[in-house]
Amino acid sequence: MKWIVSFKMVEQIKRSAVFKENLSEILLFIAKDSKNRANNFKNTLKEELEKLPFMPFKYRKSIYFNQENIRDFIFKGYCIPYVINEKEIILLDIIKWEER
C-alpha cells in the first residue's frame with residue numbers, strides 16, 4: 001500500500017534534455033514524410049503521457065534499468081523509460097523499441 005501514497009503525490013512530468021532532443025529528431029524524421037503525421041504523433045504522445053501521474057506504475061519495469069521506480073512506456077514502436085519520484089515523473093529518453 002505504500003506505493004499508493006507515493007503515486008498520489010506525483011504532481012508533474014518533467015522531460016530530460018535527452019528526451020527533448022531525441023523527440024525533436026523523431027518528429028523531424030516523421031515530418032519529412034508528413035507534417036500532419038508528425039503533429040498527430042506529438043499530440044497523441046502528449047495526451048498519453050499526461051495520464052502517467054494517475055497510474056505511474058502501470059507500465060512494465062524497465063528492461064534498461066534494474067530499478068523498481070524506472071518504467072518503460074511503449075508508444076507506437078518507441079520506448080520511453082521514465083523515473084517515478086515522490087513529486088514528479090522524469091522522462092529519460094525516447095528510443096526505437098526493440099525486444100531484448
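- When side chains are defined from C-beta on, Phe57 does not count as touching Leu52, because their heavy atoms never get closer than 4.5 Å.
- For the atom pair NZ of Lys96 and SG of Cys79, the computed distance is 11.5 Å after rounding to the nearest 0.5 Å.
- With sequence neighbours excluded, no residue forms a side chain to side chain donor-acceptor pair (under 3.5 Å) with Ser34.
- Put simply, the side chain of Phe75 does not reach to within 4.5 Å of the side chain of Ile94, judged on heavy atoms.
- Partners of Asn66 according to the side chain to side chain donor-acceptor pair (under 3.5 Å) rule, which considers only residues two or more places apart in sequence or in another chain, are Lys61.
- Between Tyr82 and Leu92 the shortest side-chain heavy-atom distance does not fall below 4.5 Å.
- With hydrophobic clusters built from ILVMFWY side chains whose heavy atoms lie under 4.5 angstrom apart, Ile90 does not share a cluster with Val18.
- Put simply, the side chain of Ile13 reaches to within 4.5 Å of the side chain of Arg15, judged on heavy atoms.
- With rounding to the nearest 0.5 Å, the separation of CD in Gln12 from CD1 in Ile89 is 10.0 Å.
- In this view, Gln67 and Asn69, Ile70 satisfy the side-chain contact (heavy atoms from CB on, under 4.5 Å) rule, not counting sequence neighbours.
- Between Ile80 and the options Asp93, Ile95, Leu45, a side-chain contact (heavy atoms from CB on, under 4.5 Å) holds for only Leu45.
- In this structure, the side chain of Ser62 does not engage the main chain of Pro81 through any donor-acceptor pair within 3.5 Å.
- A salt bridge (Lys or Arg N to Asp or Glu O under 4.0 Å) check over residues 23-35, counting only residues at least two apart or in different chains, returns the pairs Asp33-Arg37.
- Atom CG of Asn22 and atom OH of Tyr78 lie 10.5 Å apart (nearest 0.5 Å).
- Residues meeting the salt bridge (Lys or Arg N to Asp or Glu O under 4.0 Å) test with Lys20, sequence neighbours left out: none.
- Partners of Arg71 according to the side chain to side chain donor-acceptor pair (under 3.5 Å) rule, which considers only residues two or more places apart in sequence or in another chain, are Glu68.
- Taking CG of Leu49 as the start and CZ of Phe73 as the end, the distance is 5.0 Å to the nearest 0.5 Å.
- Among pairs with a residue in residues 15-35, none fulfils ring pair (Phe, Tyr, Trp, His ring centres under 6.0 Å), at least two apart in sequence or across chains.
- The side chain to side chain donor-acceptor pair (under 3.5 Å) contacts involving residues 45-54 comprise Glu48-Lys51, where partners must be two or more places apart or lie in separate chains.
- Under the 4.5 Å side-chain criterion, counting only non-hydrogen atoms from C-beta, Arg60 is in contact with Ile74.
- With sequence neighbours excluded, no residue forms a salt bridge (Lys or Arg N to Asp or Glu O under 4.0 Å) with Lys58.
- Under the side chain to side chain donor-acceptor pair (under 3.5 Å) criterion, Asn39 pairs with no residue, sequence neighbours left out.
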